[in-house]
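Read through the structure below, which is laid out as structure tokens, and then see the notes.
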Amino acid sequence: MTTVNFEDIKLADEERQPCEVWTRVMGYLRPYSEFNVGKKSEFKSRLNFSELKAVEGCACHCEEGSYAIAAE
């Protein structure tokens, strides 16, 4: 079996390919490259949601490890 060391692989700029970013907009996937100026600006200002940060930062005074579930 051949082992490949990825640190040894060097690509010239003309060998590289652009990476197309897709995102969900209004319930379906679209490539970022097709966005208009306003939608590109909105995309750049988005924040990633972190469930862990949301739970740790809540002010509900829950006991550690016990969280109320709305479905119950």
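By convention here, the first residue in the shown sequence is residue 1. The figures here come from the full heavy-atom set of this structure, side chains too, leaving out hydrogens, waters and symmetry mates.
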Task: Lys39 and Glu42 ion-paired at < 4.0 Å - done: yes
TODO: Hey, could you give me each pair passing ring-ring contact (aromatic ring centres under 6.0 Å, His included) that has a residue in residues 2-30? Not counting sequence neighbours.
DONE: none
Open item on the list: Main chain of Pro31, side chain of Glu34: is a donor-acceptor contact present, judged purely on distance under 3.5 Å?
Closed with: no
What pairs with [X] under side chain to side chain donor-acceptor pair (under 3.5 Å), at least two apart in sequence or on another chain?
X: Arg46; result: Thr23
X: Ser33; result: Glu20
X: Asn5; result: Asp8

Task: Other cluster members, Phe49 - Ile/Leu/Val/Met/Phe/Trp/Tyr, side-chain contacts below 4.5 Å - done: none
- [ ] For Tyr32, enumerate each residue passing the ring pair (Phe, Tyr, Trp, His ring centres under 6.0 Å) test, keeping only those at least two apart in sequence or located in another chain.
- [x] Phe35, Phe43
